Amino acid sequence: MSQLQPDENTGKIPRHIAIIMDGNGRWAYRQHLPRVAGHRRGAEVVREMVQRCVELDIPHLTLFAFSTENWRRPALEVRLLMNLFRLMLRREAKKLHSNGVRLRIIGDRAALAPDLQKLIGDAETLTAENHRLTLSLAVNYGGKWDITQAARKAVQLCQEQGKDPAMLNEEDIARHLALADIPEPDLLIRTGGEERISNFLIWQLAYTEFYFTDTLWPDFDGVELGRAIHSFAQRQRRFGRTGDQVQDPACDVG
Ligand code: FPP
């Protein structure tokens, strides 16, 4: 088979960028401000990145806003972060809508406060038909949670259809994952100097290009985004093939 699979992007522009927005706390500490000031500044950078992606015609942006592990933070910080999500949903949903952005939240929302769940539902409904940019915000999200919930749904469907769960394949699981309806991320950016995935989209990142920067999230800007995209454009994505095959698919003989 010499044809690329449809969702293998070997182009120079990522169609889907995922970001681990790290460094808000350290940014605030360096400015002698409370941690929440870093998160507030981080939320402004979120707004700027959404705008940039719209300008650059990048159709999918996924941001890690709150992990399943972030509940371990001090209760006050968790509360302030949840309030920031509320504020963002209240203030930004209409603006996102008028800019053609579809907003959706991925993660286990059952653990979120009922009023927050309602705000999420309303914003998702309002923006559901927009196609310029899909902004997926991961809130109470964990990659292990995602795979577990997808596997559970796949098994349940099998049982309902009277099929043997031993026959399940990758595709049967993948179709129930968060983000199953959009291409997998081409580029993962992590700010803040750490080089790990931290239980983000662990299934969906299988062939993603990684870009790590020491820049703290509140200092991340359009220039930095440009650097990450430039780095992505230099890379040869092989998806298991040899470099020769990628350069010349016709050499796939013998
Ligand atoms: C990591 O920095 C950041 C978070 C856990 C929260 C991310 C939230 C935002 C960017 C702001 C809100 C976003 C929206 C969409 C409203 P950290 O606190 O771990 O920083 P540190 O490693 O320097 O302590």
Side-chain angles (χ1 to χ4, degrees), residues 17-54 60-97 99 101-109 111-113 115-117 119-120 122-124 126-127 133-143 145 178 188-201 212-222 224-225 228:
I17 299 180
I19 308 182
I20 300 178
M21 310 179 287
D22 197 11
N24 294 349
R26 278 164 286 163
W27 181 89
Y29 182 78
R30 286 178 199 175
Q31 320 272 329
H32 307 288
L33 293 169
R35 289 178 62 84
V36 68
H39 296 316
R40 281 197 199 106
R41 171 68 201 136
E44 284 168 33
V45 178
V46 166
R47 197 181 300 131
E48 199 181 323
M49 286 308 117
V50 169
Q51 192 57 40
R52 282 286 166 158
C53 287
V54 168
H60 304 287
L61 175 66
T62 300
L63 304 174
F64 205 6
F66 192 88
S67 74
T68 45
E69 290 75 30
N70 283 151
W71 296 106
R72 297 176 183 159
R73 292 190 172 211
L76 178 64
E77 182 169 345
V78 170
R79 206 160 57 237
L80 293 171
L81 272 169
M82 293 299 153
N83 283 339
L84 205 51
F85 299 145
R86 282 186 181 92
L87 199 67
M88 189 248 181
L89 289 162
R90 282 201 196 102
R91 272 204 199 146
E92 305 291 333
K94 283 199 187 103
K95 279 186 228 162
L96 292 171
H97 182 49
N99 282 299
V101 179
R102 175 183 175 202
L103 175 71
R104 64 176 182 187
I105 306 300
I106 58 167
D108 185 2
R109 65 180 74 182
L112 303 177
D115 72 301
L116 187 50
Q117 291 187 42
L119 284 171
I120 290 171
D122 291 348
E124 287 180 332
L126 177 70
T127 62
L133 171 72
T134 304
L135 171 62
S136 304
L137 218 52
V139 179
N140 195 23
Y141 177 88
W145 164 83
L188 170 83
I189 299 170
R190 180 171 185 146
T191 62
E194 313 286 356
E195 301 191 352
R196 54 176 171 257
I197 305 182
S198 300
N199 196 18
F200 197 23
L201 306 157
F212 297 108
T213 171
D214 288 337
T215 301
L216 304 176
W217 178 249
D219 290 327
F220 197 80
D221 60 11
E224 287 273 356
L225 181 68

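Here the structure is a predicted model, which means the values were calculated and not measured. Whatever order the structure lists ligands and atoms in, that order sets their numbers, starting from 1.
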For the pair Phe200 and Phe64, name the ring-plane relationship: parallel under 30°, tilted 30 to 60°, perpendicular over 60°. parallel
Over 60° means perpendicular and under 30° means parallel, so classify the ring planes of Phe220 and Trp217, tilted if in between. parallel
Spell out, as yes or no, whether a donor-acceptor pair under 3.5 Å connects the side chain of [X] to the backbone of [Y].
{"X": "Gln117", "Y": "Leu112", "value": "yes"}
{"X": "Asn199", "Y": "Gly143", "value": "yes"}
{"X": "Arg109", "Y": "Ile105", "value": "yes"}

Do me a favour and list the nearest non-hydrogen protein atom to [atom] with residue, atom name and distance?
{"atom": "atom 7 (C) of ligand 1", "value": "Ala65 O, 3.4 Å"}
{"atom": "atom 3 (C) of ligand 1", "value": "Met21 O, 3.2 Å"}
{"atom": "atom 19 (O) of ligand 1", "value": "Arg73 NH2, 2.7 Å"}
{"atom": "atom 11 (C) of ligand 1", "value": "His39 O, 3.3 Å"}
{"atom": "atom 13 (C) of ligand 1", "value": "Phe85 CE2, 4.0 Å"}
{"atom": "atom 5 (C) of ligand 1", "value": "Asn70 OD1, 3.7 Å"}
{"atom": "atom 12 (C) of ligand 1", "value": "Leu84 CD2, 3.8 Å"}

Using distance alone, determine whether [X] and ligand 1 share an N or O pair under 3.5 Å.
{"X": "Trp217", "answer": "no"}
{"X": "Arg35", "answer": "yes"}
{"X": "Asn24", "answer": "yes"}
{"X": "Gly25", "answer": "yes"}

Please list, chain by chain and in numerical order, all residues satisfying salt bridge (Lys or Arg N to Asp or Glu O under 4.0 Å) with Arg30, sequence neighbours excluded. none
Any Lys/Arg nitrogen of Glu124 or Arg104 sitting under 4.0 Å from an Asp/Glu carboxylate oxygen of the other? no
Number the atoms of ligand 1 from 1 as they appear, then name those within less than 4.0 Å of a heavy atom of [X], with their elements.
{"X": "Leu137", "result": "15 (C)"}
{"X": "Asp22", "result": "1 (C), 2 (O), 17 (P), 19 (O), 20 (O), 21 (P), 22 (O)"}
{"X": "Met88", "result": "16 (C)"}

Verify side-chain hydrogen bond (donor to acceptor under 3.5 Å, both in side chains) between Thr213 and Arg190, making sure each step is shown before the conclusion. CA-CA 6 Å; Thr213 171; Arg190 180 171 185 146; over 6 Å; no
Counting only heavy atoms not in Lys95, do more than 12 sit closer than 6.0 Å to its NZ atom?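 Yes, NZ of Lys95 has more than 12 neighbouring heavy atoms, counting only those of other groups under 6.0 Å.
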